[in-house]
Structures are given as C-alpha cells and as structure tokens.
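Some notes on the structure that comes next.
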Amino acid sequence: MSKKFKCILCGYVYDPDVGDEDGEIKAGTPFEEIPDDWVCPLCGAPKDQFESQD
C-alpha cells in the first residue's frame, strides 16, 4: 500500500495508486517523485502544502 498525502488547505488526498491524470501524473507515482511544480488539482496549493497520511 502506497502512502497517501493530503492537502492541508482543501482536503484533497493524493493517492499514488491512482495518480493525477489531469496533472499528467501516472498511477503508481509516489508523492516524492511528483515534480516540485505540481499543484493540488482542486485548489492549486503547492506541493509543500501536503502532509503524509500515515
């Protein structure tokens, strides 16, 4: 099971098993491997506004 990350501004959860098709992030991509310029698909928050969901 891959670690999920949640946007602290809007609550969007990035699930590596799903990826972000609109953001051109393929399924299976760990959060740590997402480009630094990627933003939350719901609110546009930068990657540093996400926290690990242990």
Side-chain angles (χ1 to χ4, degrees):
M1 188 166 97
S2 301
K3 188 183 288 189
K4 298 176 183 179
F5 284 76
K6 182 177 181 180
C7 177
I8 61 174
L9 299 180
C10 75
Y12 169 83
V13 175
Y14 174 76
D15 182 345
D17 295 334
V18 177
D20 174 20
E21 187 175 312
D22 293 337
E24 300 182 2
I25 307 299
K26 293 180 182 179
T29 304
F31 188 78
E32 295 80 9
E33 293 181 16
I34 296 174
D36 289 336
D37 62 353
W38 178 81
V39 297
C40 177
L42 294 185
C43 73
K47 189 177 169 187
D48 65 3
Q49 294 299 305
F50 281 72
E51 59 184 17
S52 174
Q53 298 293 284
D54 295 324

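Nothing fancy with the numbering, it's 1 onward along the sequence. Note that the coordinates shown come from a computational prediction; the quantities given were computed from them, not determined experimentally.
Linking Ile, Leu, Val, Met, Phe, Trp and Tyr whenever their side-chain heavy atoms come within less than 4.5 Å leaves Val18 and Phe50 in two separate clusters. Under the 4.5 Å side-chain heavy-atom criterion for Ile, Leu, Val, Met, Phe, Trp and Tyr, Phe5 and Ile34 are members of the same hydrophobic cluster.
Atom CD of Glu51 has more than 12 heavy atoms from other residues, nucleotides or ligands within 6.0 Å. Atom CD of Glu24 has 12 or fewer neighbouring heavy atoms from other residues, nucleotides or ligands inside a 6.0 Å radius. Heavy-atom contacts from other residues, nucleotides or ligands closer than 6.0 Å to CG of Asp36 number 12 or fewer.
Cation-pi geometry between Lys47 and Phe31 is satisfied (NZ or CZ under 6.0 Å from the ring centre, within 45° of the ring normal).
Between Tyr12 and Cys43, the closest side-chain pair of non-hydrogen atoms is not below 4.5 Å. Side-chain contact between Pro35 and Ile25 is present, with heavy atoms from C-beta onward closer than 4.5 Å. A heavy-atom distance below 4.5 Å is found between the side chains of Cys10 and Leu42.
Atom CG of Asp15 sits about 11.5 Å away from atom CG of Asp20, to the nearest 0.5 Å.
For the residue pair Ser52 and Lys3, the shortest heavy atom distance occurs at OG-CD, 2.9 Å. Here the shortest heavy-atom pairing between Ala45 and Leu9 reads CB-CD1, 3.6 Å.
Using bins of under 30°, 30° to 60° and over 60° for the plane-to-plane angle, the ring pair Trp38/Tyr14 lands in the perpendicular bin.
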